[in-house]
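The residues of the chain are indexed from 1 along the displayed sequence. Order of appearance sets the numbers: ligands from 1, and atoms from 1 within every ligand.
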Amino acid sequence: MKATYSVKILFVIMLCLGYCLNFNRVTAQNTSASAIIPIPASINTEKGEFTLTSKTKIVVSDNNLATIETAKYLADQAKILCGLNLSIVTTSKSVKNSIVLNTKASGKKESYHLKVGKKNIVISGADQSGLFYGVQTLLQMISSAAENSPKIVIACADINDEPSFTWRGMHLDVSRHFFPVEFVKKMIDMLAMYKINTFHWHLTDDQGWRIEIKKYPKLTEIGGWRDKTMIGHYTENDQKFDSTRYGGFYTQEQIKDVVTYAQKRYITVVPEIEMPGHAVAALSAYPQFSCTGGSFKTYTKWGVSDDVYCAGKEETFSFLEDILDEVVALFPGQYIHIGGDECPKTRWKACPACQKRIKDEGLKNELELQSYFVKRIEKFIVSKGKKLIGWDEILEGGLPERAAVMSWRGYEGGVEAAHTGHDVVMTPGGYCYFDHYQSQDQTNEPLAFGGFLPLEKVYSFSPVPPELSAEEAKHILGAQANVWTEYIPTEKQAEYMIFPRICAMSEILWSPKAKQDYTQFLSRLNGNLKRLQKAGINYRPLKTN
Ligand code: ACM
Ligand code: ZN
């Protein structure tokens, strides 16, 4: 009788134990690498699991300041994701129940090795950025573990990961609509989460100059503001405007703050200062650098203006070089973007100074005058130790020797540049323009530029076109999403246009092509959306187009 009783109890205990183990296994499977975006290059799921508790320590094993920063970042994020206060210790000794951070991995730049064992997690970066990306991967695993159970159980795994492309970017136009520093930082946080390493900040355009330049204060005092703003679509026959003065700009202190914030997240900020076109905001403040002398008002409608910088006047170049002097000092990255797109030649054709320049320099036409302009600016930028990048129109009339091209009017500009040995960032509108509609039926969508770019189409993007040889393909640095904001007046709407399309872009740019699978991506995305929700992102829900 007693024995039967004991057997029964044993049976119940075994049942409970089995249930718990099974429960943990199911949870751990859910928390494993199957939740990560962008999907890592190589994942081996192993037996067992690591349980994260408030006793887990973050171990900085190399006493390096950057590693300590990343450890703090991990601790802060873990607190947000699962409420645990993980303490940080600096020691080369082994510590039980720990997450060890080091930069001992071999491999290319930005790569990492993440080993989840039963007693420890070890993240080894090939460099500091690789370590940071390993931490991002772990945070995604923690995040989905926290979704599934109050106990943070992470399945053992061995992950080796590296990026496919070195330029993984997102652009944000802050001229057509202005976005404050806090929002820019929020976007930088999200980009870091998805291993995007470049933030292209479109700081100047016809509709607003957004960067303080000490030598020319009127750029922001006058050019930073417009009297009214177009409402409705540019293509409407009866164009409409509000009657609200609109503007804003970043001080140099704010710019430095954003750049430092981004650096800590291994994101390079590429500033864009538009020239020779898209310059009306600047010319409203300093009309003497136009062909006609003005006067001008900061543009209140969208589209392209005929009024551009005068390429004939020497003073135009001094003005732009002074501006670039201040810009170069603020942005430690390699590239300065000078725009170069959509510059009508109407004024240059009628301008005696521009025509004299064409004659004096032995140029054939206004296209070559544009090339003269860009080449001259490029020399200046190179003299400051930087590289020039511009939209694909900088190919017209001849590309400066060392310039890189951002190909937006399709792949063609990028292909031409790569054929001649120039570096390229691919941003063809059909795949990369996040101001395009996400649904064919536009009735329930916010007003947008046009086009149709659903999530699946972003995911089908291939930055390297097949016509390039293997050698030429090396010039494709990567790609980026562009967020033009004519029709994006609010932060909520910007988020709606960016997410989740940026998640698809991140996987295209980071993960090996062989690992890309849209259906599987969607299932991983479902978990990620919860994290976006937690971060207060107004993402577009997954629905049919
Ligand atoms: C562009 O979209 N105008 C570069
Ligand atoms: Zn001129």
Side-chain angles (χ1 to χ4, degrees), residues 169-176 200-207 234 270 272-280 282-283 286-294 296 299 302-317 319-320 337-361 363 365-366 368-370 372-374 376 389-396 404-414 424-436 448-451 453 479-488:
M170 191 185 89
H171 146 291
L172 181 66
D173 166 13
V174 294
S175 172
R176 276 53 175 266
H200 171 173
W201 210 358
H202 185 82
L203 288 162
T204 76
D205 214 304
D206 298 306
Q207 294 83 1
Y234 176 79
V270 177
E272 181 178 354
I273 307 295
E274 275 267 20
M275 62 188 82
H278 287 291
V280 176
L283 295 176
Y286 297 97
Q288 62 268 40
F289 305 121
S290 69
C291 290
T292 64
F296 308 101
Y299 231 37
W302 317 134
V304 171
S305 167
D306 280 342
D307 289 299
V308 300
Y309 291 119
C310 177
K313 295 176 183 167
E314 273 308 291
E315 311 86 80
T316 305
F317 291 95
F319 171 67
L320 291 170
H337 200 303
I338 58 92
D341 59 319
E342 299 178 317
C343 178
K345 307 299 183 291
T346 321
R347 296 288 181 261
W348 290 359
K349 282 187 177 145
C351 170
C354 285
Q355 290 305 310
K356 181 168 185 310
R357 177 81 73 192
I358 289 178
K359 198 156 159 266
D360 291 352
E361 296 292 330
L363 308 172
N365 52 29
E366 288 73 23
E368 287 199 1
L369 182 57
Q370 158 135 343
Y372 165 86
F373 194 114
V374 176
R376 200 166 152 174
I389 186 163
W391 301 110
D392 57 53
E393 286 93 331
I394 66 170
L395 282 154
E396 293 165 2
V405 168
M406 200 167 260
S407 191
W408 73 280
R409 295 176 298 176
Y411 284 100
E412 296 78 5
V424 172
V425 175
M426 280 295 183
T427 64
Y431 295 94
C432 300
Y433 270 43
F434 284 10
D435 56 341
H436 289 189
F449 174 82
L453 178 55
Q480 68 180 34
N482 291 339
V483 184
W484 299 101
T485 60
E486 286 94 332
Y487 301 100
I488 306 181

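- The aromatic ring centroids of W201 and H337 lie 6.0 Å or more from each other.
- Looking at ligand 1, you'll find an N or O of D341 within less than 3.5 Å of one of its N or O atoms.
- Aromatic pair F317/F373: ring centres closer than 6.0 Å.
- Ring geometry for F289 versus F319: interplanar angle under 30°, hence parallel rather than tilted (30 to 60°).
- The aromatic ring centroids of H200 and W391 lie less than 6.0 Å from each other.
- Those atoms of ligand 1 that come under 4.0 Å of a heavy atom in W484, given as number and element, are 1 (C), 2 (O), 4 (C).
- In terms of polar-atom proximity, defined here as any N/O pair under 3.5 Å, E342 does make such a contact with ligand 1.
- For a threshold of 3.5 Å applied to N or O pairs, the pair formed by Y433 and ligand 1 contains at least one separation below that value.
- With the Zn ion (ligand 2) as the vertex, atom SG of C291 and atom SG of C310 span an angle of 110° (nearest 10 degrees).
- Vertex the Zn ion (ligand 2); arms to C354 atom SG and C351 atom SG; angle 110° (nearest 10°).
- How far OH of Y411 is from OH of Y431: 5.0 Å, rounded to the nearest 0.5 Å.
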